[in-house]
Number of protein chains: 2
Amino acid sequence: MELFKHLDKTYKISSEAKKALEPLIGHIQYHKNNMVQEIGSRCKTIYIVKNGCARIFYYKEGNDITEHFAFENDMIVRAESLFTGQPTSKGIQTLEETEMIAINSSKLFKLYDEYHDIERLFRILFEREYVNSIKRLESLQFNSAKERYLELSKNKNLVQKIPLKHIASYLGITQVSLSRIRAEVQ
Amino acid sequence: MELFKHLDKTYKISSEAKKALEPLIGHIQYHKNNMVQEIGSRCKTIYIVKNGCARIFYYKEGNDITEHFAFENDMIVRAESLFTGQPTSKGIQTLEETEMIAINSSKLFKLYDEYHDIERLFRILFEREYVNSIKRLESLQFNSAKERYLELSKNKNLVQKIPLKHIASYLGITQVSLSRIRAEVQ
DNA sequence: CAAATCTTTTTACAAATGTTAAATAATGCA
DNA sequence: TGCATTATTTAACATTTGTAAAAAGATTTG
């Protein structure tokens, strides 16, 4: 299975573990701007983007705020729900034609008991997400909007194919402000 | 051991696992404003505050920035180093007379192989930290400085005993700006 | 193709936050 | 206690970012 080629790079699990995991895994193809997970739902699926891209977003005072972008091989979960069981006011939406791998999280967590190595693999994957969220925190806490934009725009791909309103809210600024920054930077 | 009384609330591990953990655990008493972990070092210790408080901080362009506060029973680690093995430009410092529990992380990670339940316990603890970091991200991304201050000041304890300059940098603003907000709020 | 819709930029002005420096208040120590 | 140090607030002005509305550009669709 192709997914394991990717996961093996993180932590190699036994072939029995792979066999046990396979039935929990689905492939889903989404069109552009499709909802993948509705706002208000509980996170019961762990997604990995195979190609295309998706975002986590929520509404705050009527504004659509993008919290996270995910591209090829990125994991995408609403962690505050996945790890607490609580519903979340965040949703997941594709931003273009996107192929995703979906892993049923309740079944996965049950496998943790029997397969120590599955628990380890996902522990490592989520630790990595945790470190990413700390990096982002740093940049929101003390970089200016311009610095944050320049940092983000190193990923040419992202800035080219994602509507600027999403990039603006992701950076914690308005779209007008982002336009000004772009004009200034050139 | 008193630590386990606390950890049991998260996930109960076997008594063999506890026995294996005990030798990795130390108690350390620090005076006010003591460095616990130096800037530039690698994170090889997981701390839990027993009483008192501590912060994670770093310097950005000469400014002292507080990234995290930890109080009673809070875990405190420099995750971007703990999980990557890379040195970090962040340090840990106490803010008052503080008693901490210190767990040797390299030894702990070795125990993960033998004691599945130890790995699970710490997996859950770190998942919780991950969720906390997402909550903080949300507030930095789209709340105003005033909203963030009001949120933080629900924790009366914190605002009373910690120098405002640290609170200001934690909120991502200058101390002058925080003073203004406080004057306005009353 | 052309109208309709959506996205991005621009403008003008308002509000929030930053910077520097000084004033005041609080704290620690001889 | 009282001096020295540190912490906090205030003031004046600069810069950044927000808001609302309009203009310009791009994309979609009948």
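Nothing here was measured: the structure is a model prediction, and the numbers come from that model. Letters A, B, ... are given to chains in the order of the sequence lines, protein chains preceding strands, and every chain is numbered from 1. We use all heavy atoms of the structure for the numbers below, so side chains are in, but hydrogens, waters and symmetry mates are not.
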What one should report as the nearest heavy-atom pair of B/His116 and A/Asp113 is CE1-O, 3.8 Å
Separation between CD (A/Glu138) and OG (A/Ser133), nearest 0.5 Å, reads 10.5 Å
Closest heavy-atom pair, B/Ile28 versus B/Ala102, reported as atoms and distance to 0.1 Å, is CD1-CB, 4.0 Å
task = Ignoring backbone atoms, establish whether A/Arg182 has a side-chain N or O less than 4.0 Å from OP1 or OP2 of C/dT9.
result = yes
With a non-hydrogen cut-off below 4.0 angstrom, is B/Lys165 in contact with a base, only sugar-phosphate, or nothing? sugar-phosphate
First and last nt of DNA chain D near chain B, cut-off under 4.0 Å to heavy atoms, 5' to 3', are D/dA7 to D/dA12
- Is a side-chain donor or acceptor of B/Thr98 paired with a backbone partner of B/Cys53 at a separation under 3.5 angstrom? yes
Using a 4.5 Å side-chain heavy-atom cut-off and chaining through intermediate ILVMFWY residues, the residues clustered with A/Val176 come out as none
Atom CD1 of B/Ile173 and atom C1' of C/dT17 are separated, to the nearest Å, by 8 Å
**Asked** Any side-chain heavy-atom pair from A/Val159 and A/Arg182 closer than 4.5 angstrom?
**Response** yes
Quiz item: Contact class for B/Ser177 vs. all strands (heavy atom < 4.0 Å): base, sugar-phosphate, or nothing?
Solution: sugar-phosphate
By nearest-heavy-atom nucleotide on DNA chain D, the more 5' of B/Val176 and B/Pro163 is B/Pro163
Is the NZ atom of A/Lys32 crowded by more than 12 outside heavy atoms at less than 6.0 Å? no
In terms of heavy-atom contacts, A/Tyr130 and B/Ala79 come closest through CE2-CB, 3.6 Å
In whole angstroms, the gap separating C1' of C/dC29 from NZ of B/Lys32 amounts to 14 Å
Would you call B/Lys135-A/Glu80 a salt bridge at under 4.0 Å N-O?
no
Residue pair B/Lys146/A/Leu164 against DNA chain C: nearer the 5' end by closest nucleotide is A/Leu164
A/Arg180 atom CZ is separated from C/dT11 atom P, nearest whole Å, by 11 Å
Atom CG of B/Asn63 and atom P of C/dG18 are separated, to the nearest Å, by 11 Å
If each end axis of the helix from C/dC1-D/dG30 to C/dA30-D/dT1 is fitted on five C1' pair positions, the angle between them, to 10 degrees, is 40°
The residue, A/Leu178 or B/Thr174, whose nearest nucleotide of DNA chain C is more 5′ is A/Leu178
Separation of C/dT17 atom C1' from B/Arg148 atom CZ, nearest Å, is 11 Å
